[in-house]
Amino acid sequence: MTKTPKTAVIKADAHAAALVAGRAAACLAGGGLVAFPTETVYGLGADATNGEAVARLYLAKGRPAFNPLIAHVPDLAAARRLAVFNADAERLASLWPGPLTLVLPKAPGCPVSDLATAGLDSIAVRIPAHPVAQAVLAAFGRPVVAPSANRSGHVSPTNAAHVMADLDGRIELVIDGGATPVGVESTIIACLDQPLLLRPGGLPRAAITRVLGHPPADAPAEPADDPDAPLAPGMLASHYAPKARMRLEADRVDAGEALLAFGRTLPPGAGTAAAVLNLSEDGDLVQAAARLFSHLRMLDACGAGLIAVMPVPHEGLGEAINDRLARAAAPR
Ligand code: TXA
Ligand code: MG
């Protein structure tokens, strides 16, 4: 593989699904980097068993190598070759395929490269539901590590254009499967001992409580920006960073500010905002999650120095939305 590949973009449509998956699998087998849609966000895939490919992935993203990756597999049989499932993990696995990642003890003989797990004894595993992700994983036949397909610290990509804006010329292939339906990253739960919610995400907390029979414990508050300490090492306080500063829970829009709105009733000053995008006029949190990252990218591109963000309710997917907004607004 050359150091500066020309990035090819191919459309995944129903007719060509097998062909597209075959091309992605061949690229992965050659140590290449392939971006593909999952139901949450686009992932940047590499052969999890190939340390050199994983090293190239860290380099392409500009990601610190202490931050481990999620291994993606097509089914539970493949997941069991990577990780050990306790009783709670078995219950949570019933929610797969879907927007859920489990952090589990590495299985003996786990073939995933130590670089991908940052030398930890645990491994993050996910079975995505998106048909394109499923087709790529099935065609490749080995686990694929895939962080979100953005430059490290940027907003996660929810369409192929977002991927190209960050990674054109750094990766071999982008499979364009349109906009991702969920729009925020997977919910991450550690099942090393008691189930611990490490990252709120596309699977709402209530679904987890339902299968566990009790709510998951919350990970202790993260030591701000200390990369040695966090439980999910990638969950630094400042992340998902747009260029503009962000002001949350806004009840007015000041001159020159852009507005990220939610619901139909806009705050004073909205009429003269530099730009207005609405996460959901109907106040629908599923729609808001699906639009979040692309609205942030668009408002950032309009050049306003500050994005005022209306309050978003904390229930359902609102928990993940508010988590990402807080990270985007964190001082840096
Ligand atoms: O929806 C998603 O999860 C997307 C799609 C592509 O699957 N992927 C994604 O990956 O968001 P990434 O790398 O952006 O976030 C993975 C998170 C990071 O915060 C990382 O630190 C954490 O998972 N993680 C990975 N392995 C871990 C481990 N063994 N223990 C604790 N946290 C882990
Ligand atoms: Mg990410």
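Note that the numbering runs from 1 along the sequence shown for the chain. Just follow the structure's listing: the first ligand is 1, and inside any ligand the first atom is 1.
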- Task: Check the side chains of Ser280 and Asp282 for a donor-acceptor pair under 3.5 angstrom, ignoring hydrogens and angles.
- Result: no

- From Leu115 CG over to Asn50 CG, what is the distance, rounded to the nearest 0.5 angstrom? 10.5 Å

- Query: What atoms of ligand 1 come within less than 4.0 Å of a heavy atom belonging to Leu120?
  - Reply: 28 (C), 29 (N)

- For atom 8 (N) of ligand 1, which of Pro128, Gly43, Ala146 has the closest heavy atom? Ala146

- Output yes when the distance from some N or O of ligand 1 to some N or O of Ser186 is under 3.5 Å, and no in every other case. yes

- Query: Roughly how far, to the nearest 0.5 Å, is CZ of Arg264 from CD of Glu281?
  - Reply: 6.5 Å

- Please check if any side-chain donor atom of Arg205 sits under 3.5 Å from a side-chain acceptor atom of Thr187, or the reverse. no

- Answer yes or no: does an N/O atom from Glu185 fall short of 3.5 Å to an N/O atom of ligand 1? no

- Task: Identify which one of Leu173, Ile10, Val136 satisfies the side chain to side chain contact (heavy atoms under 4.5 Å, CB included) criterion when paired with Val20.
- Result: Ile10

- Please say whether Lys61 places an N or O atom under 3.5 Å from an N or O atom belonging to ligand 1. no

- Message: Show me which atoms of ligand 1 lie under 4.0 Å from any heavy atom of Ser122.
- Response: 28 (C), 29 (N), 30 (N)

- Query: Can you list the atoms of ligand 1 that are under 4.0 Å from a heavy atom of Asn67?
  - Reply: 18 (C), 20 (C), 21 (O)

- Query: Would Leu69 and Arg63 count as a side-chain contact (heavy atoms from CB on, under 4.5 Å) if you check the C-alpha gap in whole Å, the side-chain angles of each, and the deciding distance to 0.1 Å?
  - Reply: CA-CA 10 Å; Leu69 305 169; Arg63 177 172 175 128; 3.6 Å; yes

- Task: Consider every N or O of Thr38 and every N or O of ligand 1, then say whether any pair is closer than 3.5 Å.
- Result: no

- Distance col, row Leu92:CG vs Leu212:CG, nearest 0.5 angstrom, shows 4.5 Å

- Message: As an exercise, identify every atom of ligand 1 less than 4.0 angstrom from a heavy atom of Ile70.
- Response: 3 (O), 8 (N), 9 (C), 10 (O), 16 (C)

- Item | Metal check, the Mg ion (ligand 2) vs Ser148 N/O/S, cut-off below 2.8 Å | yes

- Should you measure from each heavy atom of Ile188, which atoms of ligand 1 turn up under 4.0 Å away? 17 (C), 23 (O)

- Task: Mind running salt bridge (Lys or Arg N to Asp or Glu O under 4.0 Å) on Asp114 and Lys106 for me, showing each step along the way?
- Result: CA-CA 11 Å; Asp114 283 336; Lys106 249 193 213 180; 3.0 Å; yes

- Message: Does the residue Thr117 have a heavy-atom contact with ligand 1, meaning some pair of atoms that are separated by less than 4.0 Å?
- Response: no

- Message: I need the atoms of ligand 1 closer than 4.0 Å to a non-hydrogen atom of Thr40, numbered in the order shown.
- Response: 1 (O), 2 (C), 5 (C)

